[in-house]
Peer 1: 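Can you read through this structure? Questions will come right after.
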Amino acid sequence: MNKLAITTAAALTALAAVCAFGDWVYEGQWGTYGTGEGQFRHALGILADTNTYVYVADTNNHRVQYFREKGFPLGEWGEYGNGDGQFIQPRDLAEGRRGDIYVVDGANHRVQYFSGTGSFRGKWGTTGTGDGQFYEPYGIAVAADGNVYVCDTENHRIQYFNSTGSFLGKWGSKGGGSGEFEDPRGIAVAPNGNIYVADSFNYRIQYFTPTGSYLGAWGKRGKGEGEFNFPWSLAIWTTGDVYVSDLYNLRIQYFTSTGSYLGKIGGSGQFNSPIGVSFGVTGERIYVSDAGNSRIQYYRCTNPAVAPASLGRVKALFR
C-alpha cells in the first residue's frame, strides 16, 4: 500500500473512532442540596463502574452514595470520622480489577477501599511527605494491572501502589517544568497505560508512562479552546480521547491523546463548578458532578448514520 493510501486509511480509522457517536447531548440529572438520600453537599468525584452503578464522593456529607445509571438510589456508606469506613472529605473514587471501590479520604490523608456495596476491605496512608504518606490527596485511578495512582496534591507529586497499598514508586515535585506539578487534582489511565494528570495550578495536562517518564503536555491559562481555568478531573474514552473538567470555565473540554482540541460540553448556565467526570460502561454516556448545583448531570452521544469530518478535524488527529 502506498503512503497516500496508508495515510487515508489511517485517517478514516481515526475519524471512525472519534466520530462514531457524534455530539454530546443532555439526557438527564439528579440531586439537590442537602443531607438526605440522593442529595449532595459539594459532590466531587464520580465513578460509573462496570456494573452500571454510579458512585459519588459526597464530600461535605462525608460519605459515598451510589445509584443506578439514571440516578435511582441504591445505598450509601460512611460518616464523619477517622475510623475504618469513616471519612473526612472523600474526594475521588476509582474501580479496581476485582470490583473494589477505592476512595481518596482527603482530609484523613489516606486511601480506603471497599466492596461495591461499601464493606471495608483495607486502607493505607498517613499524613506526611514520605513514601506512602499523603498531604491533602485528591485524584485516584487504577490501571489494568491493578496498580493504584494517587494525586498527592499538596506534596505536588504522583504516587503509585499495588492493589493493597504497597508503595511502588513516585514522581514529581513543586514547579512549572516538565514533570513538575502545582497542586495536581485529577488523574486517569489511558487504554495504552499512559498516565494523564490535571496539573491544576499550572493550568495544563501532562502525561507520562506508567512509571512516570514524561511524554508531553498541553494547555495554558485562558478561556479559549484548549486553554483552562483550573482543570480538575480527567476521564479517558475508549478511543484514548481525554476529557477534562475545566472548573472555572464551566465546561468539559475534550482532546486527542496528544492534546489536539476536539470539542466541549457545557458552558455558563449549564454547569456551576463541574468537577468529577466519568464514562458509563459502554462509553455512550458521560456523567459530570455539577458540584455548585449539588447535582449529577449526564449526557449521551448521538449516533449519526454519517459523521461528516472537517479538514480541521482530520488535521487535529495527526498533530
Peer 1: Counting only heavy atoms from other residues, nucleotides and ligands, does the tally under 6.0 Å from OH of Tyr135 exceed 12?
Peer 2: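 No, the 6.0 Å shell around OH holds no more than 12 heavy atoms from other groups.
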Peer 1: Can a donor-acceptor pair be found between the side chains of Gln133 and Thr126 at a distance below 3.5 Å?
Peer 2: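 Gln133 vs Thr126: donor-acceptor pair found between side chains.
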Peer 1: For Glu227 and Gln253, work out which heavy atoms get closest and say how close.
Peer 2: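 Closest pair (atom of Glu227, atom of Gln253, distance): O-NE2, 2.6 Å.
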Peer 1: Show the numbers, then the answer: is there a side-chain contact (heavy atoms from CB on, under 4.5 Å) between Lys70 and Arg285?
Peer 2: CA-CA 10 Å; Lys70 293 186 178 181; Arg285 183 177 286 127; 3.5 Å; yes
Peer 1: Backbone N or O of Tyr53 within a donor-acceptor pair of the Asn51 side chain at under 3.5 Å?
Peer 2: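 Side chain of Asn51 to backbone of Tyr53: no pair is present.
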Peer 1: How about Asp290 and Asn272: do any of their side-chain heavy atoms sit closer than 4.5 Å?
Peer 2: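 When only atoms from C-beta onward are counted, Asn272 and Asp290 do touch, with a gap below 4.5 Å.
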Peer 1: Can the ring centroids of Phe120 and Phe87 be said to lie less than 6.0 angstrom from one another?
Peer 2: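 That pair fails the under 6.0 Å test.
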Peer 1: Hey, would you say the Phe72 and Phe67 ring centroids sit under 6.0 Å apart?
Peer 2: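 Distance test on ring centres: not under 6.0 Å, no.
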Peer 1: Looking at Tyr138, I'd like to know if the NZ or CZ of Arg185 sits under 6.0 Å from its six-membered ring centre while staying within 45 degrees of the ring's axis.
Peer 2: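 Ring-cation test returns yes.
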Peer 1: With heavy-atom distances below 4.5 Å as the criterion, would you say the side chains of Tyr287 and Glu69 are in contact?
Peer 2: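 In contact.
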Peer 1: Cluster question for you: counting only ILVMFWY and a side-chain heavy-atom cut-off of under 4.5 Å, with indirect links fine, are Leu234 and Ile236 together?
Peer 2: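 In one cluster with Leu234: Ile236, yes.
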Peer 1: Determine whether Tyr298 and Ile265 fall in the same hydrophobic cluster, where Ile, Leu, Val, Met, Phe, Trp and Tyr are linked whenever their side-chain heavy atoms lie under 4.5 Å apart.
Peer 2: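 No, it is not one cluster - the side chains of Tyr298 and Ile265 are not joined through contacts under 4.5 Å.
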Peer 1: Roughly how far apart are Ile140 CD1 and Asp152 CG, rounded to 0.5 Å?
Peer 2: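 The distance works out to 11.5 Å.
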Peer 1: For a side-chain contact (heavy atoms from CB on, under 4.5 Å) with Tyr160, tell me which candidate from Thr211, Val142, Ile187 qualifies.
Peer 2: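 Result for side-chain contact (heavy atoms from CB on, under 4.5 Å) with Tyr160: Thr211.
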Peer 1: Classify the ring geometry of Phe255 against Tyr261: parallel below 30°, tilted from 30° to 60°, perpendicular beyond 60°.
Peer 2: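 Ring orientation, 0 to 90° scale: perpendicular.
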Peer 1: Checking the side chain of Gln206 only, and the main-chain atoms of Gly179 only, is there a donor and an acceptor separated by less than 3.5 Å?
Peer 2: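 Yes; at least one donor-acceptor contact below 3.5 Å.
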Peer 1: Are Val56 and Leu74 linked, directly or through intermediate hydrophobic residues, by side-chain heavy-atom contacts shorter than 4.5 Å (ILVMFWY only)?
Peer 2: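 In one cluster: no.
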Peer 1: Are Leu247 and Phe228 connected in a single hydrophobic cluster, I mean Ile/Leu/Val/Met/Phe/Trp/Tyr linked by side-chain heavy atoms less than 4.5 Å apart?
Peer 2: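 Phe228 does not cluster with Leu247.
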Peer 1: Sub-3.5 Å donor-acceptor pair from the side chain of Gln112 to the main-chain atoms of Gln86, do we have one?
Peer 2: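 Flag set: sc Gln112 to bb Gln86 pair under 3.5 Å.
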Peer 1: Look at Asp84 together with Lys123 and state whether they make a salt bridge at an N to O cut-off of under 4.0 Å.
Peer 2: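 Yes, this pair counts.
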Peer 1: Examine distances only and state if a side-chain atom of Ser245 and a backbone atom of Ile275 form a donor-acceptor pair shorter than 3.5 Å.
Peer 2: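 Yes, Ser245 side chain to Ile275 backbone: donor-acceptor pair under 3.5 Å.
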Peer 1: Please say yes or no: joined through hydrophobic side-chain contacts below 4.5 Å, possibly via intermediate residues, are Val244 and Val189 part of one cluster?
Peer 2: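 Unlinked, Val244 and Val189 end up in two clusters.
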Peer 1: What closest approach, in Å, do Gln270 and Tyr299 show between heavy atoms, and which atom pair accounts for it?
Peer 2: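 Where Gln270 meets Tyr299 most closely, the heavy atoms are NE2-OH, 4.1 Å.
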Peer 1: State, to 0.1 Å, how close Pro231 and Tyr203 come at their nearest heavy-atom pair, and which atoms those are.
Peer 2: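 Reported closest heavy-atom pair: CD-CA, 3.9 Å.
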Peer 1: Just how far is it from atom CG of Leu47 to atom CD1 of Ile101, taken to the nearest 0.5 Å?
Peer 2: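 Here the interatomic distance stands at 5.0 Å.
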Peer 1: Would you check if there is a donor-acceptor pair between the side chains of Thr50 and Glu95 at a distance under 3.5 Å?
Peer 2: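 Their side chains do contain a donor-acceptor pair, which is all the 3.5 Å distance test asks for.
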Peer 1: If I compare all heavy atoms of Ile296 with all of Ile46, which pair ends up nearest, and what's the gap?
Peer 2: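 Where Ile296 meets Ile46 most closely, the heavy atoms are CG2-CD1, 3.6 Å.
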Peer 1: Are the side chains of Asp100 and Phe114 in touch, meaning some heavy atoms are under 4.5 Å apart?
Peer 2: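 In short, these two side chains do not touch, never coming nearer than 4.5 Å.
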Peer 1: Here's a test for you: under salt bridge (Lys or Arg N to Asp or Glu O under 4.0 Å), which of Arg251, Arg221, Lys223 qualifies with Asp246?
Peer 2: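 In the set Arg251, Arg221, Lys223, the residue that makes a salt bridge (Lys or Arg N to Asp or Glu O under 4.0 Å) with Asp246 is Arg251.
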Peer 1: If we only count heavy atoms from C-beta on, is the Thr209 to Ile195 side-chain gap below 4.5 Å?
Peer 2: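 Heavy-atom side-chain distance check fails, nothing below 4.5 Å.
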Peer 1: Salt-bridge test for Arg63 and Glu79: reply yes if a basic N is under 4.0 Å from a carboxylate O, no otherwise.
Peer 2: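 Salt bridge: no.
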Peer 1: Throw together a table of side-chain donor-acceptor distances under 3.5 angstrom for residues 166-178, partners on residues two or more places apart or in other chains.
Peer 2:
residue, atom, partner, partner atom, Å
Lys170, NZ, Asp131, OD1, 2.8

Peer 1: Does the Ser233 side chain pair with the main chain of Val277, one donor and one acceptor, at a distance under 3.5 Å?
Peer 2: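 Judged by distance alone, no pair lies under 3.5 Å.
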Peer 1: Does Arg204 reach the side chain of Lys220, with side-chain heavy atoms less than 4.5 Å apart?
Peer 2: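 No; the side chains remain at least 4.5 Å from each other.
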Peer 1: With no hydrogens and no angle check, is any side-chain donor or acceptor of Ser289 less than 3.5 Å from a backbone partner on Gly276?
Peer 2: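 Judged by distance alone, yes, a pair lies under 3.5 Å.
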Peer 1: Could you check if a side-chain atom of Phe271 sits within less than 4.5 angstrom of a side-chain atom of Asn293, using non-hydrogen atoms only?
Peer 2: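 No, too far: nothing below the 4.5 Å cut-off.
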Peer 1: Tell me, with the steps shown, if Cys151 and Ile158 meet side-chain contact (heavy atoms from CB on, under 4.5 Å).
Peer 2: CA-CA 5 Å; Cys151 287; Ile158 304 302; 3.8 Å; yes
Peer 1: So which of Thr258, Ile205, Thr256 actually passes side-chain contact (heavy atoms from CB on, under 4.5 Å) with Trp218?
Peer 2: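 In the set Thr258, Ile205, Thr256, the residue that makes a side-chain contact (heavy atoms from CB on, under 4.5 Å) with Trp218 is Ile205.
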Peer 1: First locate atom CZ of Arg91, then atom CH2 of Trp232, and finally report the distance between them rounded to the nearest 0.5 Å.
Peer 2: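 Taking CZ in Arg91 and CH2 in Trp232, the distance rounds to 8.0 Å.
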Peer 1: Short question: side chain of Asn108, backbone of Gly81 - any donor-acceptor pair under 3.5 Å?
Peer 2: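 Yes, Asn108 side chain to Gly81 backbone: donor-acceptor pair under 3.5 Å.
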Peer 1: Does any donor atom in the side chain of Tyr243 or Trp24 lie under 3.5 Å from an acceptor atom in the other side chain?
Peer 2: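 A pair is found: one side chain offers a donor N or O, the other an acceptor, under 3.5 Å apart.
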Peer 1: Ignoring hydrogens, what is the shortest heavy-atom contact between Asp199 and Glu182? Give both atom names and the distance.
Peer 2: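 Taking Asp199 first and Glu182 second, the nearest heavy atoms are OD1-N, 2.8 Å.
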Peer 1: What is the minimum heavy-atom distance between Tyr33 and Gln39, and which atoms define it?
Peer 2: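 Smallest interatomic distance, heavy atoms only, reads O-NE2, 3.3 Å.
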Peer 1: Do Asp49 and Val281 come close enough that some side-chain heavy atom pair is under 4.5 Å?
Peer 2: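 Heavy-atom side-chain distance check fails, nothing below 4.5 Å.
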Peer 1: With rounding to the nearest 0.5 angstrom, report the CG to OG1 distance, Asp183 to Thr153.
Peer 2: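 If I round to the nearest 0.5 Å, the distance is 6.5 Å.
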Peer 1: Between Trp77, Phe40, Tyr80, which is the residue that forms a ring-ring contact (aromatic ring centres under 6.0 Å, His included) with His62?
Peer 2: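 With His62 as partner, Trp77, Phe40, Tyr80 yield a single ring-ring contact (aromatic ring centres under 6.0 Å, His included), made by Tyr80.
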Peer 1: First locate atom CD1 of Ile286, then atom CD of Glu27, and finally report the distance between them rounded to the nearest 0.5 Å.
Peer 2: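 One gets 12.5 Å once the value is rounded to the nearest 0.5 Å.
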Peer 1: Suppose we screen for ring-ring contact (aromatic ring centres under 6.0 Å, His included). Which residues come up paired with Phe201, at least two apart in sequence or across chains?
Peer 2: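 With sequence neighbours excluded, Phe201 shows a ring-ring contact (aromatic ring centres under 6.0 Å, His included) to Phe230, given in chain and number order.
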Peer 1: Any side-chain heavy atom of Val64 within less than 4.5 Å of one from Leu93?
Peer 2: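 They are in side-chain contact.
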Peer 1: I'd like to know if the side chain of Trp237 reaches the main chain of Gly283, judged simply by a donor and an acceptor atom lying under 3.5 Å from each other, with no hydrogens or angles considered.
Peer 2: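 Side chain of Trp237 to backbone of Gly283: a pair is present.
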Peer 1: So among Tyr149, Tyr102, Phe134, Tyr113, which one has a ring-ring contact (aromatic ring centres under 6.0 Å, His included) with Phe161?
Peer 2: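 Of the listed residues Tyr149, Tyr102, Phe134, Tyr113, the ring-ring contact (aromatic ring centres under 6.0 Å, His included) partner of Phe161 is Phe134.
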Peer 1: First locate atom SG of Cys301, then atom CG of Asp23, and finally report the distance between them rounded to the nearest 0.5 Å.
Peer 2: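 Output value for this atom pair is 8.5 Å.
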